[in-house]
Engineer: 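Please see the structure below; I have some questions.
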Amino acid sequence: MAQVSLRQVNKIFPGGIVAVKDFNLGVESKEFVVIVGPSGCGKSTTLRMIAGLEEVTSGEIYIGDKLVNDVPPKERNIAMVFQNYALYPHMNVYDNMAFGLRLRGYSKTEIKERVLEAAKILGITHLLERRPKELSGGEKQRVAVGRAIVRKPLVFLFDEPLSNLDAKMRVLMRTELNKLHNRLQTTMIYVTHDQVEAMTLGSRIVVMKEGVIQQVADPLTLYHRPANKFVAGFIGTPPMNFIPGKIIRMNGEYFFEEGKFKVKILESMIKALQPYEGKEVILGIRAEDIYDKFFTTHSSPENTIDVLVEIIEPMGSEVYLYLHTGKNTLVARIGGIAKPPQLNQRIEVVLDMNKVHFFDKDTEKAIV
């Protein structure tokens with residue numbers, strides 16, 4: 001297997017359009033790295049530069065110890081799985097999987113061994129005689145992955161491979177890809193706009209925005225310690241709540257004041273927030289860290305606020321409550337309540353101040 005290294009990589013399209021800027025990333029051998037971000041952030045362009053399908057404007061890309069900037073795609077020993085499967089409609093599954101090996105001059109015996117091995121791994125042995133039009137979306141995706149496996153490449157590249165599947169099949173294929181990585185122990189780089197895919201697949205995740213890396217970390221670090229407001233809002237379902245307000249000092253203690261409510265800041269956070277006294281900041285809190293006062297032991301007058309229930313979304317084992325403070329709307333995820341609050345009811349909720357984040361209003365970087 002091989003490491004992949006991108007060093008100060010830039011991609012500028014004609015007209016001065018910057019697609020990728022100062023991209024630095026080292027992918028370890030056998031690692032599963034996911035690049036995630038909204039549409040147009042440069043993630044697919046980055047993947048295509050690794051594959052050699054896009055020319056690098058500046059910077060260096062290494063696969064193993066070899067600089068590959070000027071190496072054609074077919075000589076990079078990588079395999080790419082695309083969003084649209086890219087299967088040949090006139091060939092059956094066996095021939096689709098074998099086609100690339102035939103072009104490279106492998107013997108019939110070697111081709112057969114590799115195709116049957118990949119088909120067995122993916123559970124598609126019974127589909128080898130079928131043509132793509134006779135397959136479901138999930139089966140087509142398995143064939144596309146199988147075509148990559150038979151190559152036994154140094155690196156697998158996946159460009160949003162599950163986006164054409166329905167929700168149930170996406171969950172199934174995520175599990176299959178995880179099993180595949182564990183079995184093959186191959187370096188994999190996976191691109192998606194779906195943060196759920198990123199969180200469940202990647203050992204490390206690269207979050208991008210407008211061509212720039214925002215943070216690189218394991219899934220739990222991204223969730224619990226986001227580097228900035230963008231990462232905090234992009235990772236997690238529902239997105240993190242953001243509340244504009246001000247840091248104030250009263251009787252020697254520090255508070256966050258929204259306008260309609262104020263909550264006391266924990267002692268452990270004061271040092272970082274002291275420079276912001278009297279200034280506006282953004283408080284971030286996740287939906288699961290807002291509790292109904294009557295179903296928690298964490299309540300106190302210093303972290304309890306009065307809100308109006310605007311929308312109720314029953315989700316089965318939990319309920320999403322959209323709560324209005326008088327200035328802002330918050331989403332709370334409440335679980336295990338037999339009888340949730342009623343629409344237009346005023347209730348008291350508790351903010352878990354151990355779980356709040358604070359962001360600089362101007363730079364949007366994390367303060368705490």
Side-chain angles (χ1 to χ4, degrees), residues 1-29 31-84 153-161 163 187-195 197-198 201-218 221-222 226-235 360 362-366:
M1 299 308 107
Q3 297 174 324
V4 178
S5 178
L6 292 88
R7 305 174 187 177
Q8 289 295 118
V9 171
N10 292 273
K11 178 61 180 179
I12 303 173
F13 287 108
I17 299 170
V18 179
V20 178
K21 183 177 180 182
D22 297 334
F23 193 101
N24 288 283
L25 179 68
V27 180
E28 297 298 325
S29 179
E31 191 175 15
F32 198 141
V33 168
V34 177
I35 304 175
V36 66
S39 297
C41 72
K43 55 189 185 296
S44 289
T45 300
T46 301
L47 200 73
R48 290 173 64 83
M49 286 192 289
I50 297 171
L53 303 176
E54 290 285 356
E55 187 178 339
V56 176
T57 303
S58 64
E60 298 175 330
I61 297 178
Y62 289 83
I63 297 177
D65 297 326
K66 185 176 182 180
L67 178 65
V68 297
N69 285 40
D70 299 320
V71 176
K74 66 180 181 179
E75 295 177 17
R76 294 193 182 194
N77 201 4
I78 56 94
M80 192 162 179
V81 180
F82 297 93
Q83 176 181 346
N84 62 357
L154 293 175
V155 181
F156 283 92
L157 305 178
F158 295 89
D159 189 7
E160 306 210 32
S163 58
T187 307
M188 293 184 175
I189 304 175
Y190 186 104
V191 157
T192 181
H193 64 275
D194 186 332
Q195 55 94 14
E197 275 182 32
L201 286 173
S203 53
R204 275 196 305 154
I205 300 173
V206 181
V207 183
M208 290 186 71
K209 175 189 177 187
E210 296 175 356
V212 177
I213 293 177
Q214 303 296 304
Q215 189 173 358
V216 182
D218 64 88
T221 298
L222 284 180
N228 56 41
K229 182 172 177 277
F230 175 80
V231 175
F234 193 82
I235 300 295
D360 187 291
D362 298 321
T363 67
E364 297 192 347
K365 291 182 179 180

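Quantities reported herein were computed from a predicted structural model and do not represent experimental measurements.
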Engineer: Checking side chain to side chain contact (heavy atoms under 4.5 Å, CB included) for the pair Asn24/Ile213: CA distance, chi angles, key distance, verdict?
Structural biologist: CA-CA 8 Å; Asn24 288 283; Ile213 293 177; 5.5 Å; no
Engineer: If you round to the nearest 0.5 Å, how far is CG of Asn69 from OH of Tyr62?
Structural biologist: 8.0 Å
Engineer: Can you name the residues that form a side-chain hydrogen bond (donor to acceptor under 3.5 Å, both in side chains) with Ser5, not counting sequence neighbours?
Structural biologist: Arg7
Engineer: Taking all non-hydrogen atoms of both residues, which atom of Thr363 and which atom of Asp360 are closest, and how far apart?
Structural biologist: N-OD1, 3.0 Å
Engineer: Are the side chain of Lys209 and the backbone N or O of Cys41 linked by a donor-acceptor pair below 3.5 Å?
Structural biologist: no
Engineer: Can you tell me how far apart CG (Asn228) and CZ (Phe234) are? Round to the nearest 0.5 Å.
Structural biologist: 12.0 Å
Engineer: Would the distance check show the side chain of Asn77 and the main-chain N or O of Val155 forming a donor-acceptor pair, the cut-off being under 3.5 Å?
Structural biologist: no
Engineer: Please list, chain by chain and in numerical order, all residues satisfying side-chain hydrogen bond (donor to acceptor under 3.5 Å, both in side chains) with Gln195, sequence neighbours excluded.
Structural biologist: Thr237
Engineer: Any chance you could measure Ile205, atom CD1, to Ile235, atom CD1, to the nearest 0.5 Å?
Structural biologist: 5.5 Å
Engineer: Testing the basics here: between Ala198 and Thr192, what is the closest heavy-atom pair and its distance to 0.1 Å?
Structural biologist: N-CG2, 4.2 Å
Engineer: Verify, without hydrogens or angle tests, whether Arg76 (side chain) and Ile50 (backbone) share a donor-acceptor contact under 3.5 angstrom.
Structural biologist: yes
Engineer: Mind listing the closest non-hydrogen atom pair of Glu31 and Glu28 along with its distance?
Structural biologist: OE1-N, 2.8 Å
Engineer: Just by distance, no angles: are the side chains of Gln83 and Ser163 close enough, under 3.5 Å, to form a donor-acceptor pair?
Structural biologist: yes
Engineer: More than 12 heavy atoms of other residues, nucleotides or ligands under 6.0 Å from CD of Glu210: is that the case?
Structural biologist: no
Engineer: Decide yes or no on side chain to side chain contact (heavy atoms under 4.5 Å, CB included) for Ile35 and Ile189, but give the supporting numbers first.
Structural biologist: CA-CA 7 Å; Ile35 304 175; Ile189 304 175; 4.0 Å; yes
Engineer: Can you say whether the rings of Tyr190 and Phe158 are parallel (under 30°), tilted (30 to 60°) or perpendicular (over 60°)?
Structural biologist: tilted
Engineer: May I ask you to test the Met80-Leu53 pair for a side-chain heavy-atom distance under 4.5 Å?
Structural biologist: yes
Engineer: Taking atom types as modelled and ignoring hydrogens, do the side chains of Ser58 and Asn10 form a donor-acceptor contact shorter than 3.5 angstrom?
Structural biologist: yes
Engineer: Indicate the atoms forming the closest heavy-atom contact of Thr45 with Phe13, along with that distance.
Structural biologist: CG2-CZ, 4.1 Å
Engineer: Just how far is it from atom CE of Met208 to atom CZ of Phe230, taken to the nearest 0.5 Å?
Structural biologist: 10.0 Å
Engineer: Please round to the nearest 0.5 Å and tell me the distance separating atom CG of Asp70 and atom CD1 of Ile61.
Structural biologist: 10.5 Å
Engineer: How many angstroms lie between atom NZ of Lys365 and atom CD of Gln214, to the nearest 0.5 angstrom?
Structural biologist: 10.0 Å
Engineer: Check side-chain hydrogen bond (donor to acceptor under 3.5 Å, both in side chains) between Ser203 and all other residues, then give those that pass, not counting sequence neighbours.
Structural biologist: none
Engineer: Which heavy atom of Thr187 sits nearest a heavy atom of Ser29, and at what distance?
Structural biologist: OG1-CA, 3.5 Å
Engineer: Which atom names give the shortest non-hydrogen contact between Lys43 and His193, and what distance separates them?
Structural biologist: CE-N, 3.7 Å
